[in-house]
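The structure appears right after this line, and notes come after that.
This one's a predicted model, so the numbers in the text were calculated from it and none came from an experiment.
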Amino acid sequence: MILLRQLFKSKRGSTIVIISYVFLALISMIIIAIGIARSRTVQSWSEVSGKLWGKAILSEYDKYLLHDYGIMAFQSNDIDVVKRLNVYSKYSFEDKLRVSLGTPSANLDQYRMSDLNNFRKSIRDSLLYESAKSVLDGSNRNVRSDVKNLNVSIDESKNTTAESKDKSVYGKRIIGNKYVIETLPSRGEKNNFNIKRISGMISNNNASDKLSSKALGKISEMAFIVNKFNSHLKTCSDKETFFANEYEYIVKGNLDDNKNFESCKKSIFLIRNALNLAALSKDPEKMELIAAVSEVISPGPGAIVIQGIIMESWAALEAREDVKALLDNKRIPFIKKKGEWKVSLESVLGDEKFSEKIDEESRKIMNENSEQLKEMSKTESFVENMSGQNYEEYLLLMMLTTPKDLRTRRIMDLIQINMKYRYYDDFNFDEYNCGVRFNLKINGKSYEVDDSYK
């Protein structure tokens, strides 16, 4: 104190004291500035590191899933993400800038690929407009060279599971593994096939427009199906698939590959039968001919019954020919016009099943008047129509009538089945994510990172 008084009493001493105070203030300011700079450095470093770590996690996408289906997703869970963050943070911050690290947390629920909205976004992202447009015209689809082999019945397929790669049973495989079945996104959910609804939709004049490339291009799932899956008749790539009939699986969802095909054939037959009946009823010439023939076979009130039997028999026989033509990769228009009928009325009257449907008296009259009926039942010659819809387009139409969520899940089923078949026995969409969200705790402050594939 005495020294300070002496210093203050002298001019020189006063100057030294003032300079000391200023110096102390400057040092304090510098220390505070260093602290703020260090805090901001840690903050900036934490923010940048968090984003970088998020990108690092996203970079671990499944390359096979991307290559085969254009879908970016990585396999992980909350616990695994936290473990990775602990490793990253320890490497980046330990013994640096006196950083205090808290326990990070992660929540991937909003990015699970098992969520239908996330999956739909992923397939939308996988289909660039130009590429989707190029495949929807069918240019990426080739007729199978082995289509005849798919129709060969093979009994040993009954014991085939998703792990089997026995090519001899291709097209006849059945998924029997309980774990594979229970983990399928669709969980074996079935849908009711409504012939009336489909036939009614087709009867509209704009039915063909719904199957145009432009229309399908607006539905990302349909574009994805055309781009990535095979049918009984055509393939989209040379990649091995567990099921041969993938289009058919999306329509029917049966775990037996061949049953899906057979069931789709039956459904197409029923659709064609209904449409042929509708076409007959709207054709005045054919209806007049049917009425005249019915009067000959069963004069009087019974002619109405015969008329109905003729119409149903004619529609069914024509439908059977339609299915054969479709499986021969030909086209059948939804509603047939004059000259597009392959089966003549003469063929209908000569069909054994038609004869079984009518009563004995009518059969007797028909036999007695066979020459007259033959002359009456001659119809116009058949001209093959190069327009119309092919086999795959009939399947696509049935897919459009399948409930949207179920259709999406069956697409996921096929991807999961093929990923198991080609690469990993344990592939499961429940374990895959299209984004990452986590929270870092550094120096008592929280830093949230939320990132996904763009």
Chi angles and distances behind the salt bridge (charged side-chain N to carboxylate O under 4.0 Å, His left out) call for R141, E392: CA-CA 10 Å; R141 305 191 67 79; E392 286 194 339; 2.8 Å; yes

Whether over 12 other heavy atoms sit under 6.0 Å from K121 NZ: yes

Side chain to side chain contact (heavy atoms under 4.5 Å, CB included) between I442 and L101, worked out: CA-CA 5 Å; I442 300 173; L101 297 174; 4.0 Å; yes

Heavy-atom pair of closest approach, residues A244 and G171: CB-CA, 3.7 Å

Under 3.5 Å side-chain donor-acceptor pair for N245 and N230: no

Within-4.5 Å side-chain heavy-atom neighbours: E248 and N254: no

Short N-O contact, D451 and K55, less than 4.0 angstrom: yes

Show me the side-chain donor-acceptor pairs of residues 112-119 shorter than 3.5 Å, one per line, residues at least two apart or across chains.
unit_1 : atom_1 : unit_2 : atom_2 : d
R112   : NH1    : S76    : O      : 3.4
R112   : NH1    : N433   : OD1    : 2.9
S114   : OG     : D430   : OD1    : 3.4
D115   : OD1    : N117   : N      : 3.0
D115   : OD1    : N118   : N      : 3.2
N118   : ND2    : Q110   : O      : 2.9
N118   : ND2    : R112   : O      : 2.9

Side chains of L317 and N276 in contact at under 4.5 Å (non-hydrogen atoms): no

Heavy-atom side-chain contact between Y247 and N260 under 4.5 Å: no

Atom NZ of K190 with >12 non-hydrogen neighbours under 6.0 angstrom: yes

Side chains of R331 and S387, donor plus acceptor under 3.5 Å: no

Side chain proximity check, K336 to L280, heavy atoms < 4.5 angstrom: no

Modelled atom types, side-chain donor and acceptor of S362 and D359, under 3.5 Å: yes

Full working for salt bridge (charged side-chain N to carboxylate O under 4.0 Å, His left out) between R410 and D405: CA-CA 9 Å; R410 286 180 180 169; D405 287 354; over 6 Å; no

E60 (side chain) donor-acceptor with I57 (main chain) under 3.5 angstrom: no

Intermediate values then yes/no, side chain to side chain donor-acceptor pair (under 3.5 Å), T241 and Y170: CA-CA 9 Å; T241 60; Y170 189 58; 2.9 Å; yes

Whether over 12 other heavy atoms sit under 6.0 Å from Y61 OH: no

S347-S344 side chain donor-acceptor pair, cut-off 3.5 Å: yes

Chi angles and distances behind the side chain to side chain contact (heavy atoms under 4.5 Å, CB included) call for K172, D257: CA-CA 5 Å; K172 307 290 177 180; D257 197 9; over 6 Å; no

E360, CD: over 12 other non-hydrogen atoms inside 6.0 angstrom: no

Neighbour count above 12 (heavy atom, 6.0 Å) for L66 CG: yes

Flag side-chain contact, heavy atom, 4.5 Å: L327 against V323: yes

Whether Y424 and F427 hold their rings parallel, tilted or perpendicular, with breakpoints at 30° and 60°: parallel

Within-4.5 Å side-chain heavy-atom neighbours: V343 and W314: yes

Residue pair F438 / L85, side-chain heavy-atom distance below 4.5 Å: yes

Worked verdict on E318 versus R272 for side chain to side chain contact (heavy atoms under 4.5 Å, CB included): CA-CA 8 Å; E318 186 70 17; R272 287 304 320 155; over 6 Å; no

Derivation of the salt bridge (charged side-chain N to carboxylate O under 4.0 Å, His left out) call for R187 and E182: CA-CA 6 Å; R187 304 294 195 271; E182 290 177 350; over 6 Å; no

Sidechain N-carboxylate O distance under 4.0 Å for E321, K324: yes

Plane angle bin for H232 and Y391 - parallel if under 30°, tilted between 30 and 60°, otherwise perpendicular: perpendicular

N142 side chain to T235 side chain, donor-acceptor N/O pair below 3.5 angstrom: no

Side chain proximity check, V48 to W53, heavy atoms < 4.5 angstrom: no

Stepwise side chain to side chain contact (heavy atoms under 4.5 Å, CB included) test for M311 and S281: CA-CA 8 Å; M311 287 181 67; S281 64; 4.2 Å; yes

Carboxylate-amine/guanidinium proximity below 4.0 Å for K338 and E285: yes

Check: A56 main-chain N/O paired with S59 side-chain donor or acceptor under 3.5 Å: yes

Test ring-ring contact (aromatic ring centres under 6.0 Å, His included) applied to Y249 and F261, F242, F243, the passing residue: F243

N273 and D322: CA distance, side-chain angles, deciding distance, side chain to side chain donor-acceptor pair (under 3.5 Å) verdict: CA-CA 9 Å; N273 186 54; D322 291 341; over 6 Å; no

Atom NZ of K259: over 12 foreign heavy atoms under 6.0 Å: no

Check: R437 side chain, A106 main-chain N or O, donor-acceptor pair, under 3.5 Å: no

Donor-acceptor under 3.5 Å (R120 side chain, S220 main chain): no

Modelled atom types, side-chain donor and acceptor of D68 and Y423, under 3.5 Å: yes

Residue pairs, two or more places apart or on separate chains, that pass ring-ring contact (aromatic ring centres under 6.0 Å, His included) and touch residues 273-297: none

Chi angles and distances behind the salt bridge (charged side-chain N to carboxylate O under 4.0 Å, His left out) call for D328, K330: CA-CA 6 Å; D328 197 29; K330 294 178 180 177; 3.6 Å; yes

Heavy-atom closest contact (A303 atom, E295 atom, distance): CB-OE2, 3.6 Å

Within 6.0 Å of OH in Y64, more than 12 heavy atoms from elsewhere: no

Whether D78 side chain and L108 backbone form a donor-acceptor pair below 3.5 Å: yes

Could you list the donor-acceptor pairs under 3.5 angstrom formed between side-chain atoms of residues 365-376 and any protein atom two or more places apart in sequence or on another chain?
unit_1 : atom_1 : unit_2 : atom_2 : d
N367   : ND2    : R363   : O      : 3.2
N369   : ND2    : I365   : O      : 2.7
S370   : OG     : N367   : O      : 3.3

Backbone N/O of S89 and side chain of S92: donor-acceptor pair under 3.5 Å: no

Atom NZ of K454 with >12 non-hydrogen neighbours under 6.0 angstrom: yes

Modelled atom types, side-chain donor and acceptor of Y69 and N418, under 3.5 Å: yes

Side-chain donor or acceptor of D62 paired with backbone N/O of L65 under 3.5 Å: yes

